[in-house]
Amino acid sequence: MSSRPELQAPPEIFYDDDEARKYTSSSRIIKIQSELTERALELLALPDDGVPRLLLDIGCGSGLSGETLSEKGHEWIGLDISQSMLNVALEREVEGDLLLRDMGQGLGFRPGVIDGAISISAIQWLCNADKSSHEPRRRLKAFFGSLYRCLARGARAVFQVYPENLDQRVLILNFAMLAGFSGGVVVDYPHSAKKRKEYLVLTCGPPSVSTSAPKEDGESYSDDESSGDDENQTVCVSDRHRPRKKQRMMKKGKGREWVLKKKEQMRRRGNYVPADTKYTARKRKARF
């Protein structure tokens with residue numbers, strides 16, 4: 001079984017009471033969460049004027065990252081889909097406000113009220129289809145659209161992510177750009193397999209002609225990079241439960257050339273399309 005939590009079970013099931021307490025009691029996890037949150041705050045680039053900001057902690061879990069926000073003097077609102085995680089946060093008496101919410105259904109805040117947003121190891125969960133009603137692209141669209149609306153203009157959102165592959169990173173970044181964000185990916189320790197960390201750094205405002213995230217302790221990737229060869233790649237999203245849909249029967253009169261053209265159009269749109277083989281568009285026999 002894969003060691004990636006998002007490939008084992010939906011978050012509200014994976015992080016049950018036992019896992020939530022185990023996660024929060026680990027000194028290693030506490031240290032990592034603190035370091036990742038401090039780095040996210042650096043990339044958030046809030047004004048150094050001593051004024052507390054209202055921040056959003058998306059996928060706040062048991063409030064480990066929220067504690068770092070409180071130590072820095074900021075007010076925060078945390079949301080998470082795991083009731084068990086939020087129960088642990090309440091027991092620990094964290095200072096932020098807590099919401100039980102599925103980020104894939106939108107955030108539901110008033111426009112322009114949030115000064116910044118962070119998320120530690122949560123956004124990649126949106127690429128899973130945990131229920132029959134889940135469609136990753138729609139969930140990403142709902143999330144980034146609602147986040148863009150609730151952020152003040154010029155505010156930033158920083159997400160530390162563990163994308164499963166390049167296509168998943170491009171998928172997430174593309175939907176952020178479609179919502180109106182500008183920015184890109186900052187990679188810390190890009191040449192280290194153990195220390196490598198990726199942060200999606202977004203600015204709420206009209207996108208420029210060519211925007212990229214700041215180069216701090218790593219490498220940056222312009223959002224323009226995703227518009228080249230990646231356009232022709234198939235986008236793979238994690239789907240633990242639903243089988244791949246069978247190819248629709250070819251309509252009468254449509255030949256192999258027409259089918260190949262349609263499949264290429266679907267690939268350019270980022271949809272999953274089976275590879276071309278010698279059997280593609282071949283007419284089936286009436287019986288075996």
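- Taking 4.5 Å as the limit, some side-chain heavy atom of I123 sits within range of a side-chain heavy atom of M103.
- With Y162 as the aromatic partner, R169 does not meet the cation-pi criteria of under 6.0 angstrom to the ring centre and within 45 degrees of the ring axis.
- Heavy atoms only, all atoms of each residue included: V273 and M266 are closest at CG2-CB, 3.5 Å.
- Taking each heavy atom of A179 and G145 in turn, the nearest pair found is CB-N, 4.0 Å.
- The backbone N or O of L54 sits less than 3.5 Å from a side-chain atom of D115, completing a donor-acceptor pair.
- Taking 4.0 Å as the cut-off between side-chain N and carboxylate O, R92 and E67 count as a salt-bridged pair.
- Here the CD-OG distance, from E95 to S70, works out to 4.0 Å after rounding to the nearest 0.5 Å.
- At distances below 3.5 Å, not a single donor-acceptor pair connects side-chain atoms of R138 with backbone N or O atoms of P136.
- S82 OG to N87 CG: the interatomic distance, rounded to the nearest 0.5 Å, is 8.0 Å.
- Rounding to the nearest 0.5 angstrom, the gap separating the CG atom in L140 from the CG atom in L126 is 5.0 Å.
- Looking at Q160, its side chain does come within 3.5 Å of a backbone N or O of S121 through a donor-acceptor pair.
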Step by step, work out the side chain to side chain contact (heavy atoms under 4.5 Å, CB included) result for L151 and F181. CA-CA 11 Å; L151 286 175; F181 287 103; 3.8 Å; yes
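- Panel note: side chain R156, backbone L43; a donor-acceptor pair is recorded below 3.5 Å.
- Rounding to the nearest 0.5 angstrom, the gap separating the CG atom in L41 from the CD atom in E71 is 10.5 Å.
- Of the possible donor and acceptor atoms, none in the side chain of E264 sits under 3.5 Å from a partner among the backbone N and O of L260.
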What do the steps show when you test V186 against L200 for side chain to side chain contact (heavy atoms under 4.5 Å, CB included), and what is the final call? CA-CA 6 Å; V186 170; L200 181 59; over 6 Å; no
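- Under the 4.5 Å side-chain contact rule for hydrophobic residues, L99 and V88 do not share a cluster.
- The backbone N or O of G108 sits nowhere less than 3.5 Å from a side-chain atom of R110 that would complete a donor-acceptor pair.
- We find that R196 and E198 are joined by a salt bridge, their nearest charged nitrogen and carboxylate oxygen being less than 4.0 Å apart.
- Taking the charged nitrogens against the carboxylate oxygens, E35 and K31 do have a contact shorter than 4.0 Å, which makes a salt bridge.
- Side-chain contact between T37 and L69 is present, with heavy atoms from C-beta onward closer than 4.5 Å.
- Taken to the nearest 0.5 Å, the CG atom of L171 stands 5.5 Å off from the CZ atom of R137.
- In summary, E91 and R21 engage in a salt bridge, as defined by a charged side-chain N under 4.0 Å from a carboxylate O.
- For Y199 and F159, the distance between ring centers is not under 6.0 angstrom.
- Checked against D276 for a salt bridge (Lys or Arg N to Asp or Glu O under 4.0 Å), the options K263, R282, K261 give a single hit: K263.
- Between D188 and R39 there is a salt bridge, since at least one side-chain N of the basic residue sits less than 4.0 Å from a carboxylate O of the acidic one.
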Would I30 and S25 satisfy side chain to side chain contact (heavy atoms under 4.5 Å, CB included), going step by step from the backbone distance to the final call? CA-CA 8 Å; I30 294 173; S25 62; over 6 Å; no
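- Side-chain contact, E38 with T68: no donor N or O sits under 3.5 Å from an acceptor N or O.
- Using a distance-only test at 3.5 Å, with no hydrogens or angles considered, no donor-acceptor pair links the side chain of S146 to the main chain of G106.
- Residue C150 comes nearest to F109 through the heavy atom pair CB-CB, 3.7 Å, listed as atom of the first residue, atom of the second, then distance.
- Surrounding CG of D49 are more than 12 heavy atoms belonging to other residues, nucleotides or ligands, all under 6.0 Å away.
- When all heavy atoms are compared, the tightest approach of A155 to I114 is CB-O, 4.3 Å.
- Nearest heavy atom pair, residue A89 against residue L98, reads CB-CD1, 3.7 Å.
- Remark: Y23 engages Y15 in a ring pair (Phe, Tyr, Trp, His ring centres under 6.0 Å) (not counting sequence neighbours).
- Although no hydrogens or angles enter the test, the distance criterion places a donor-acceptor pair under 3.5 Å between the side chain of R101 and the main chain of L107.
- Although no hydrogens or angles enter the test, the distance criterion places no donor-acceptor pair under 3.5 Å between the side chain of N271 and the main chain of R267.
- Side chains of I32 and L36 form a contact here, defined as non-hydrogen atoms less than 4.5 Å apart.
- Judged by distance alone, with hydrogens and angles left aside, the side-chain atoms of S26 form no donor-acceptor pair with the main-chain N or O of K22 at under 3.5 Å.
- Proximity of T280 to R256: side-chain heavy atoms (C-beta onward) are separated by under 4.5 Å at one or more points.
- Contact annotation: the side chain of I172 approaches that of C127 to within less than 4.5 Å [non-hydrogen atoms, C-beta and beyond].
- With a 4.5 Å cut-off on side-chain heavy atoms, I29 and T24 do not count as touching.
- Under the 4.5 Å side-chain criterion, counting only non-hydrogen atoms from C-beta, D57 is not in contact with I77.
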Could you walk me through whether L79 and L56 pass side chain to side chain contact (heavy atoms under 4.5 Å, CB included), step by step? CA-CA 8 Å; L79 60 94; L56 196 59; 4.2 Å; yes
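- L44 has its side chain within reach of I118: a pair of non-hydrogen atoms, C-beta onward, lies under 4.5 Å apart.
- Minimum heavy-atom separation, Q33 to S65: OE1-CB, 3.9 Å.
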